[in-house]
Amino acid sequence: MQFDDVILGRRSIRGYKPDPVPKELIAEIIGLAMRAPSSMNTQPWNFYVITGEPLDRIRAGNTERMVAGIPQSREFRTGQAFAGKHRDRQVGVAKQLFSAMGIERDNMEKRQDWVLRGFRQFDAPVCVIITYDRVLDGSDDTPFDCGAVATALVNAAWSRGLGAVINSQGIMQSPVVREHAGIADDQVIMKSIALGWPDETFPANAVVSERKSVEEATVFVGFET
């Protein structure tokens, strides 16, 4: 693929085929992603790639604890709830997804099922958990850099025919994730990425989220009109 094809064609994938993803292909994708820039070349990121039975245990434990009402324990703070235009965009993409999936506003059963899919990492065959070195905790540069490598990873995956979605639902219960992924104490869990071969028959996979315009997002200074 050309670079523009990857950037313009990529979309978040929330429905996957059960087919396994070769370890060698994942390693290749991570190698590409690690060319992402980082502050003063600190490269704070690490990756835990999980599949099979360990991933099933994470899915089950995460879901059971969330359904039981155990407070979420994400290690990277969530901040305040979105409001204003940011909340509007959040609601907007939810409406797109629910419409594609035929989930009506008052169908609480289907809405709950959709939430549970997120806790299960969308049933993807692979989960990539991005962590950063705890010694860097408190640095604003570090999560910025991890965001860059996450973006590079999903784009690299798309260029190889794989789908992915960056999410937090699958790591809401960090003790479960730590136990079954074997995450070292010197690491902070930041994000998870569901990864696998896209199921093209899954309606939500066709959703392309809306983007604000360059004019809305950009201020040009010192340019001639």
Side-chain angles (χ1 to χ4, degrees), residues 12-16 18 20-21 23 26-27 29-30 33-34 38 42-82 90 94 108-109 111-154 157 163-196:
S12 293
I13 297 300
R14 297 176 174 86
Y16 296 87
V21 181
K23 178 182 176 181
I26 300 171
I29 288 166
I30 290 175
M34 288 174 62
S38 64
T42 49
Q43 302 179 59
W45 49 67
N46 288 293
F47 308 89
Y48 290 77
V49 184
I50 309 133
T51 192
E53 187 178 344
L55 180 53
D56 288 340
R57 291 198 293 269
I58 290 174
R59 292 193 225 273
N62 191 54
T63 302
E64 289 167 4
R65 287 167 65 99
M66 292 301 294
V67 170
I70 297 174
Q72 64 95 352
S73 52
R74 267 191 57 184
E75 296 181 10
F76 189 73
R77 61 188 181 276
T78 56
Q80 298 179 350
F82 294 132
Q90 180 188 27
M108 300 311 295
E109 183 178 349
R111 289 169 73 92
Q112 175 73 355
D113 180 67
W114 183 258
V115 171
L116 294 179
R117 286 182 59 82
F119 295 154
R120 300 196 309 266
Q121 286 282 339
F122 301 95
D123 298 325
V126 176
C127 169
V128 179
I129 296 176
I130 297 178
T131 70
Y132 61 82
D133 299 333
R134 191 177 297 278
V135 69
L136 298 173
D137 206 14
S139 162
D140 289 337
D141 285 329
T142 294
F144 181 89
D145 296 340
C146 288
V149 83
T151 300
L153 195 155
V154 298
V165 60
I166 302 171
N167 69 92
S168 298
Q169 301 100 308
I171 53 171
M172 287 295 194
Q173 297 290 339
S174 60
V176 172
V177 178
R178 280 192 172 277
E179 177 185 357
H180 299 300
I183 296 176
D185 290 339
D186 66 356
Q187 296 297 299
V188 175
I189 299 171
M190 177 161 181
K191 279 287 184 180
S192 59
I193 300 175
L195 182 73

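Everything numeric here is computed off the predicted structure, so don't read it as measured data.
R65 places no side-chain N or O within donor-acceptor distance of the main-chain N or O of P175, the cut-off being under 3.5 Å. For E75 (side chain) and V188 (main-chain N/O), no donor-acceptor pair under 3.5 Å exists by modelled atom type. Looking only at distances, a side-chain donor or acceptor of R134 sits under 3.5 Å from a matching main-chain atom of Q187. Using a distance-only test at 3.5 Å, with no hydrogens or angles considered, no donor-acceptor pair links the side chain of S12 to the main chain of V165. Q121 contributes no side-chain N or O that, together with a main-chain N or O of I58, makes up a donor-acceptor pair within less than 3.5 Å. In terms of modelled atom types and a separation under 3.5 Å, the side chain of R77 and the main chain of G79 share no donor-acceptor contact. Checked by atom type and distance alone, the side chain of R178 pairs as donor or acceptor with a backbone atom of A184 at under 3.5 Å.
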Show, in sequence, the C-alpha distance, side-chain angles and deciding distance for I183 and I129, and conclude whether the side chain to side chain contact (heavy atoms under 4.5 Å, CB included) test is met. CA-CA 9 Å; I183 296 176; I129 296 176; 4.1 Å; yes
One pair to check against side chain to side chain contact (heavy atoms under 4.5 Å, CB included): Q173 and S73. What are the steps and the verdict? CA-CA 5 Å; Q173 297 290 339; S73 52; 4.0 Å; yes
Steps toward side chain to side chain contact (heavy atoms under 4.5 Å, CB included) verdict (I130, I166): CA-CA 10 Å; I130 297 178; I166 302 171; over 6 Å; no
Is there a side chain to side chain contact (heavy atoms under 4.5 Å, CB included) between W45 and D145 once you walk through the steps? CA-CA 8 Å; W45 49 67; D145 296 340; 4.2 Å; yes
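Of all heavy-atom pairs spanning L195 and P125, the tightest one is O-CD, 3.4 Å. The shortest heavy-atom contact between I13 and G15 is CG2-O, 3.3 Å. Listed here is the closest heavy atom pair of I50 and L55: CG2-N, 3.5 Å. Minimum heavy-atom separation, N167 to A194: ND2-N, 3.7 Å. Summarising the geometry of A164 relative to V154, their closest heavy-atom pair is CB-CG1, 3.8 Å, with the distance given to 0.1 Å. Nearest heavy atoms, R117 versus R14: NH2-O, 2.6 Å.
M172 contributes atom CE, which lies 8.0 Å from atom CG of N62 (distance to the nearest 0.5 angstrom). Between atom CZ of residue F122 and atom CH2 of residue W114 there is a gap of 6.0 Å, rounded to the nearest 0.5 Å. Distance check, rounded to the nearest 0.5 Å: CZ of R120 to CG of D56 gives 11.0 Å. Distance check, rounded to the nearest 0.5 Å: CE of M190 to OG of S168 gives 8.5 Å. Rounded to the nearest 0.5 angstrom, C146 SG and F47 CZ are separated by 8.0 Å. The line from CG of D123 to CZ of R59 is 5.5 Å long, rounded to the nearest 0.5 Å.
I30 places a side-chain heavy atom less than 4.5 Å from the side chain of L153. Side-chain contact check for T51 versus I26: every heavy-atom pair is 4.5 Å or farther apart.
Of the options D137, T142, N46, a side chain to side chain donor-acceptor pair (under 3.5 Å) to Y132 is made by D137 and by none of the others.
The local environment of CG in D185 is sparse, with at most 12 non-hydrogen atoms from other residues, nucleotides or ligands closer than 6.0 Å.
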